[in-house]
Each structure stands twice: as structure tokens, then as C-alpha cells.
Visitor: 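Here it is, the structure in full.
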Amino acid sequence: MMKRFSAKQTWQRFVRQDAKPLLIMLLAMFTFRSAIADWNDVPTGSMRPTILEGDRVFVNKLAYDLKVPFTTWHIAQWNNPARGEIVVFFSPADGKRLVKRVVGLPGDRIELIDERLIVNGQPLEYQPLPQKTIDEIPAGERPEHRFATESLSTHSHPVMATPAMAAKRTIEPLVVPAGQYFMMGDNRDNSYDSRYYGCVERSRIVGRASAVVISLDRADYYLPRWHRFFTGLP
């Protein structure tokens with residue numbers, strides 16, 4: 001009887017002194033990640049060469065609004081995504097969390113002709129991509145791709161095409177509906193984006209991706225890519 005009572009007291013002391021503070025700390029941490037800031041692991045190459053497989057990107061969830069923790073309910077809104085920014089959102093197709101670039105804002109007229117974007121009747125400018133960025137792609141893969149720097153509004157960022165891959169390189173002109181955004185991956189021929197599932201409602205946008213925090217090379221035993229740690233995203 002004394003042993004059972006001692007064990008009960010030990011358990012109560014553990015709950016009071018150790019478990020309860022731990023639970024409070026975990027709740028605070030998850031609330032912070034849900035409503036304020038988070039990181040997103042990138043498992044695919046749809047944003048290459050800007051974001052590589054194995055990058056963990058920082059997501060600022062207060063960039064545009066404040067939501068009720070663990071929900072998509074908006075408490076307050078003070079900004080909207082700008083053309084050219086990288087955002088995290090829930091896919092209209094299957095609800096998965098995706099990372100893409102905002103190409104079209106509400107009311108924009110978007111057209112794509114042979115990989116060249118035309119926004120509101122103005123073809124975007126494309127310049128050579130610095131070799132330093134191209135070198136992020138494994139040497140054996142580089143001959144398969146075409147690289148460029150795309151100027152989208154005030155954002156100049158890398159893009160990549162793969163001529164041998166079947167992809168939607170041309171889309172008919174469309175006007176982005178009110179309250180929605182047209183998203184595309186920087187890896188233009190290997191990205192499941194708004195060309196396939198349509199525009200993304202504002203309520204689906206989680207936050208803005210602004211930097212690579214950690215990067216692990218999955219093709220090389222998950223070794224750290226130290227030079228990518230804490231680097232800003234264009």
C-alpha cells in the first residue's frame with residue numbers, strides 16, 4: 001500500500017514540477033510556429049535554382065496578416081503578397097503546403113508564350129544568370145537545363161527551363177480574379193503550379209518565405225551546404 005502511495009505521489013510531483021511546464025513550453029512553441037513564424041522543408045525541385053531540395057526556408061507568417069493559431073481564420077490583415085515574392089500556401093488541388101513565386105496579382109493579365117512571361121501586356125526581361133547560381137545545380141545535370149535571370153516587377157530572380165521535359169510552356173491570356181494570385185515555380189518546366197490548378201485564393205496563403213535557414217544535400221548523405229545557411233531569397 002505504501003509503495004502504491006509513494007508511486008502516486010512521485011507521479012503527481014512529476015506532473016506538477018516537470019510535465020506541466022514542459023507542456024506549457026510546447027504549447028507556446030507550437031502556437032508561435034502556427035501564428036508567427038515557421039520553417040518549411042522543401043522536398044522537391046520546383047523552385048530550383050532559387051531553392052534546392054533539402055533547403056529549409058524561413059516563413060514569416062506575420063508578413064501579411066495575423067491568424068488564429070492552428071487555423072486559417074484571419075484576425076487582422078495589413079498587407080498582401082507583392083508580385084515576385086515567394087510565398088507558402090495550401091494547394092487548391094490537394095491541400096498540400098507549397099512554396100511558389102507570386103507571378104500575378106488580382107486583376108493582372110497573365111500570358112505565357114514559349115516560356116516567356118507577359119504581365120499586363122509587358123513581356124518580362126531575361127538576362128544571363130550568374131555562374132555562381134548555376135553551380136548550385138549538379139554538374140552532370142546542367143547541360144539539360146537553360147538558365148536565366150527574370151525581372152518581375154522589382155524582383156530579379158533565377159529561373160530554369162528543361163527543353164526535353166514535357167511542360168506547359170504556353171498558356172492563353174487570363175485575368176487573375178479578385179482576391180486570388182497566380183503562382184509559378186522558378187523551375188518552369190518541372191513545377192505543378194497555377195498553370196495546372198488555377199489561381200490561389202488569398203485565404204490559402206500562409207506567409208512569405210524570405211530566407212534559407214538550413215540546407216542539407218540529400219544526394220550527398222545529407223551533408224550540410226554551409227554556404228546556403230541563413231541566406232536571403234531573391
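For reference, positions follow the sequence shown, starting with 1.
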Visitor: Ile75 and Leu62: same hydrophobic cluster, using ILVMFWY side-chain contacts below 4.5 Å?
Guide: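 Linked within one cluster.
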Visitor: Locate the shortest heavy-atom distance separating Val57 from Ala209; write the atom from each residue and the value.
Guide: CG2-CB, 4.2 Å
Visitor: When rounded to the nearest 0.5 angstrom, what distance separates CZ in Arg48 from CZ in Phe147?
Guide: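 CZ of Phe147 is found 8.0 Å from CZ of Arg48.
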Visitor: Evaluate whether atom CD of Glu141 has more than 12 neighbouring non-hydrogen atoms of other residues, nucleotides or ligands under 6.0 angstrom away.
Guide: yes
Visitor: Is the shortest side-chain heavy-atom distance between Pro158 and Pro234 below 4.5 Å?
Guide: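 In short, these two side chains touch, coming nearer than 4.5 Å.
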Visitor: Check whether more than 12 heavy atoms from other residues, nucleotides or ligands sit under 6.0 Å from atom CD of Gln131, and answer yes or no.
Guide: yes
Visitor: Could you see if Val87 belongs to whatever hydrophobic cluster contains Leu98? Use Ile, Leu, Val, Met, Phe, Trp, Tyr and a side-chain cutoff under 4.5 Å.
Guide: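 Looking at the clustering, Leu98 is in the same group as Val87.
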Visitor: Any heavy-atom pair between the side chains of Pro92 and Arg204 that's under 4.5 Å?
Guide: yes
Visitor: Given side chains that start at C-beta, do those of Val99 and Ile86 come closer than 4.5 Å, heavy atoms only?
Guide: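 The answer is yes, as the side chains (C-beta and beyond) meet within the 4.5 Å cut-off.
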Visitor: Within 45 degrees of the ring normal and closer than 6.0 Å to the centroid, is that where the cationic atom of Lys168 sits relative to Tyr196?
Guide: yes
Visitor: Should Ile118 and Leu124 count as side-chain neighbours, where that means a heavy-atom distance under 4.5 Å?
Guide: no
Visitor: Find out if a path of hydrophobic residues (ILVMFWY) with successive side-chain heavy-atom gaps under 4.5 Å connects Ile51 to Leu223.
Guide: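 No; tracing contacts between hydrophobic side chains, which count when under 4.5 Å, never links both residues.
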Visitor: Quick one, Arg56 and Val42 - any side-chain contact, counting heavy atoms below 4.5 Å?
Guide: no
Visitor: Using 4.0 Å as the upper bound for N to carboxylate O, is an ion pair formed by Glu150 and Arg188?
Guide: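 Yes.
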Visitor: Below 4.0 angstrom, N of the basic side chain to O of the carboxylate: do Arg109 and Glu111 qualify?
Guide: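 Answer for the salt bridge query: yes.
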Visitor: Could you tell me whether the side chain of Phe90 reaches within less than 4.5 Å of the side chain of Lys96, counting heavy atoms only?
Guide: no
Visitor: Before accepting this row, confirm whether a basic side-chain N of the pair Asp186/Lys100 lies closer than 4.0 Å to the acidic partner's carboxylate O.
Guide: no
Visitor: Is any side-chain N of the basic residue among Asp193 and Arg195 closer than 4.0 Å to the acidic one's carboxylate O?
Guide: yes
Visitor: Salt bridge or not for Arg225 and Asp217, using N-O below 4.0 Å?
Guide: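 The answer is yes: the pair qualifies as a salt bridge.
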Visitor: With distance as the sole test, does Thr149 use its side chain to make a donor-acceptor pair with the main-chain N or O of Pro128 at under 3.5 Å?
Guide: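 Confirmed, Thr149 side chain pairs with Pro128 backbone.
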Visitor: Give, for atom OG of Ser194 and atom OH of Tyr181, the distance between the pair rounded to the nearest 0.5 Å.
Guide: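 These two atoms lie 12.5 Å from each other.
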Visitor: Between Arg218 and Asp41, is there a salt bridge with N-O shorter than 4.0 Å?
Guide: yes
Visitor: Once you round to the nearest 0.5 Å, how far does CE of Met160 lie from OG1 of Thr50?
Guide: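 Met160 atom CE to Thr50 atom OG1 measures 9.5 Å (nearest 0.5 Å).
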Visitor: Heavy-atom distance under 4.5 Å between the side chains of Tyr192 and Tyr197, does that happen here?
Guide: yes
Visitor: Please round to the nearest 0.5 Å and tell me the distance separating atom OG of Ser210 and atom CG of Asn60.
Guide: 6.0 Å
Visitor: Check Pro163 against Arg146 and note the closest heavy-atom contact, atom names and distance.
Guide: CG-CG, 3.9 Å
Visitor: Should Leu129 and Met47 be counted in the same cluster of Ile, Leu, Val, Met, Phe, Trp and Tyr side chains packed under 4.5 Å apart?
Guide: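 Per the 4.5 Å side-chain linkage, Leu129 and Met47 are not co-clustered.
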Visitor: Please determine whether residues Val200 and Val176 belong to a single hydrophobic cluster, defined as Ile, Leu, Val, Met, Phe, Trp and Tyr linked transitively by side-chain heavy-atom distances below 4.5 Å.
Guide: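 Different hydrophobic clusters.
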Visitor: Check whether any side-chain heavy atom of Arg169 sits under 4.5 Å from a side-chain heavy atom of Asp189, and report yes or no.
Guide: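 They are in contact (side-chain heavy atoms under 4.5 Å apart), so the answer is yes.
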Visitor: Working to the nearest 0.5 angstrom, can you tell me the gap between Glu136 CD and Leu52 CG?
Guide: 5.5 Å
Visitor: Verify, without hydrogens or angle tests, whether Ser46 (side chain) and Gly185 (backbone) share a donor-acceptor contact under 3.5 angstrom.
Guide: no
Visitor: Do other residues, nucleotides or ligands put more than 12 heavy atoms under 6.0 Å from the CH2 atom of Trp226?
Guide: no
Visitor: Nearest 0.5 Å, what's the CG-NE2 distance between Leu152 and His157?
Guide: 5.5 Å
Visitor: Considering all heavy atoms of both residues, which atom of Asp135 and which atom of Arg142 are nearest to each other, and what is their separation?
Guide: O-NH2, 3.2 Å
